[in-house]
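Proteins come first, then strands; the chains are lettered A, B, ... in the order of their sequence lines, and each starts at number 1.
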Protein chains: 2
Amino acid sequence: MAATSSQSVYRATTTAPVNIAVIKYWGKRDTTLNLPTNSSLSVTLSQRSLRTLTTASCSSIYPAEDTLNLNGKPQDIQSSKRTLACFFPLRIVSENNFPTAAGLASSAAGFAALVRAVADLYQLPQSPNELSRIARQGSGSACRSLMGGYVAWRTGELADGSDSLAEEVAPASHWPEMRALVLVVSAEKKDVPSTEGMQTTVNTSDLFATRAQSVVPERMSAIEAAIQARDFPKFAEITMRDSNTFHATCLDSWPPIFYMNDVSRAAVRLVHDINTAVGKTVAAYTFDAGPNAVIYYEEKDSELVAGTVKAILGANTIGWEGAFYERLANVTAPGVALDKIDSRVLDVLKNGVSRVILTGSGRRTHLCRGPPRLRVW
Amino acid sequence: MAATSSQSVYRATTTAPVNIAVIKYWGKRDTTLNLPTNSSLSVTLSQRSLRTLTTASCSSIYPAEDTLNLNGKPQDIQSSKRTLACFFPLRIVSENNFPTAAGLASSAAGFAALVRAVADLYQLPQSPNELSRIARQGSGSACRSLMGGYVAWRTGELADGSDSLAEEVAPASHWPEMRALVLVVSAEKKDVPSTEGMQTTVNTSDLFATRAQSVVPERMSAIEAAIQARDFPKFAEITMRDSNTFHATCLDSWPPIFYMNDVSRAAVRLVHDINTAVGKTVAAYTFDAGPNAVIYYEEKDSELVAGTVKAILGANTIGWEGAFYERLANVTAPGVALDKIDSRVLDVLKNGVSRVILTGSGRRTHLCRGPPRLRVW
């Protein structure tokens, strides 16, 4: 078939990273614009382990409907407020290399990649900060996945949301020793989707306003200072406490929302037991809207933290073979003697964690295959 | 051996009930006087099911040391701040008919019985309200076990605690239809004793002050009105929400405190599913400092609530044979079809609940065997 411009397909492919908040986003003050009730801060994880790969394409030869395909499944975007409108019908194909909707911030990576891919397709000149404003409207925390390293999403003050955007507090290179060990407890879809859950909390929790208005602003300043100073114990304590406060407001919602389960709680106890045994804070847990634990630590403490987890779960647990495994490959003994860990915790983790993802902080979205190109159909 | 007055043993025996708070006590503003940070309110449970039986005796022939025996085990009271001082050496023997320290408010019943027994032994003229001031200093919530029915413990304002005492909001006879079904999840000793846990919360939770200062005062007024009006749905919602808020402040503590586990959460879900299926609020859960669920409901809804639990757990679960079982004895089908209940909940409850205690609201402490008497040794 002969190529003609009316049959051209334009496309752009990009990847985007997962980000895991250390100061959690939970609650919208404007549900249409996705404006948050409080600022939040996250660590962007390396795309060597977790990423969304998205291709946006458009062509006059496509049927006159935008389509979105996530992980091989067509999505109904006509009935969604998230629908994109454009002149040529758009096709977007997006694929995660990790379980969707299991509390691994998949929608954040997905929308960040989508916005980046569409911007690249149309060769829009926007900076990541400007794109973050767009991504935010698809999924709030997506705005943080447009940048690397340590990213703050400022709540902003304006009604139109134009000052509610993400900014890099420090690039990954500022504190490259940061590691993240994800304990995958369940890849089931969560009970209460976060979009619904957070508004239940906003509308019903009597404790919510205290967190949003007074607790988080203090923690934002403190954790930004800890990141600038690379003060891990301070970073860790704020991270753990904010995770706990966030889940406390979920429990205080009506009806109550539970994302953590007994395995999650065992991971909490493990981290406290490791820190107590070591005599300083070398590990920090955090839980998003799901039971999976993310444990932050610094590379130098790999044996103490990930080595202990490896000894508990067994070296054959799925996931240890990943990109960041080199330092642990030959570790056979726990960094912290297992008799320093609550014995019930050992059993619960061994039976409850199905796989691990060992990764680190990483860089922002990036274009995979050069500029948008014309393809002969 | 001939009886002489110098060889006399004086004794008084009393029983005291368990009380289960619907507005929780959590936090002291004065740890020596056991003055609470907030008022609380409880339902006194029937002694036909749960009680502490305590005998106080004194005699000049006893060795010169006070002794305390709980459930057959001698306690070291010499080193305890809770030690009693009196002229004749005291012997106190106390026995629960339920597991100690499993979140069933055993210390409340224990101290209430102790104070009542000692007061009876010495024929002290104090009223229950006055005795509640004494019992409070042994174990805060004990002050509520000196009265029956619906009991408020007023936080008070005075520094010496003289206005921090319990009072009956309504006697058991005001709302005798109230039933309580205890799902015993674990009779293990709790991880964090409540005396220690509550001060951790007071000292570290950023959400705690909001509950104590603003949330609880509103709830106290609302639940007292609901009790006066015998408005079960209102009573139930406040009860459930305050349990959730209390556990939220525990989770928000540093380090975090968890009393509920996956079985507790299944009980929460069960109650919400029953209420949804019935189309109105017929059941309310509450959790003390442990994983056991207490489910309040009204006698008329026995089949809907306890009947459904019986169908899930099986009629052979330990505890169904108790004093309040008559209405349920012949119930074989669940009041709410089990396909209206989350299927994971059914499994978790069946495997996680070891026994039930079916009881109702009840009356106050009472003297068992008449006035103190002289006994020939």
For F208(A), which atoms come within 4.5 Å of any heavy atom of chain B: side chain, backbone, both, or neither?
neither
Per-residue contact mode, H247(A) against chain B (heavy atom under 4.5 angstrom):
both
Verify the neighbour count for atom NZ of K28(B): are there more than 12 heavy atoms of other residues, nucleotides or ligands below 6.0 Å?
yes
Taking C-beta and beyond as the side chain, do P256(B) and H272(A) meet within less than 4.5 Å on heavy atoms?
yes
Can you check whether R269(B) reaches F258(A) side chain to side chain, under 4.5 Å on heavy atoms?
no
From T249(B) atom OG1 to D252(A) atom CG, the distance as rounded to the nearest 0.5 Å:
9.0 Å
Return the CG to OG distance between L207(A) and S205(B), rounded to the nearest 0.5 Å.
8.0 Å
Residues in residues 210-220 of chain A that sit under 4.5 Å from chain B, counting heavy atoms only:
T210(A), R211(A), V215(A), R219(A)
Please answer whether the main-chain N or O of D206(B) pairs with a side-chain N or O of R241(A) as donor and acceptor at a distance below 3.5 Å.
no
Is there a donor-acceptor pair under 3.5 Å between the side chain of R265(A) and the backbone N or O of M260(B)?
yes
Shortest non-hydrogen separation from L251(B) to A248(A) and the atoms involved
CD2-N, 3.6 Å
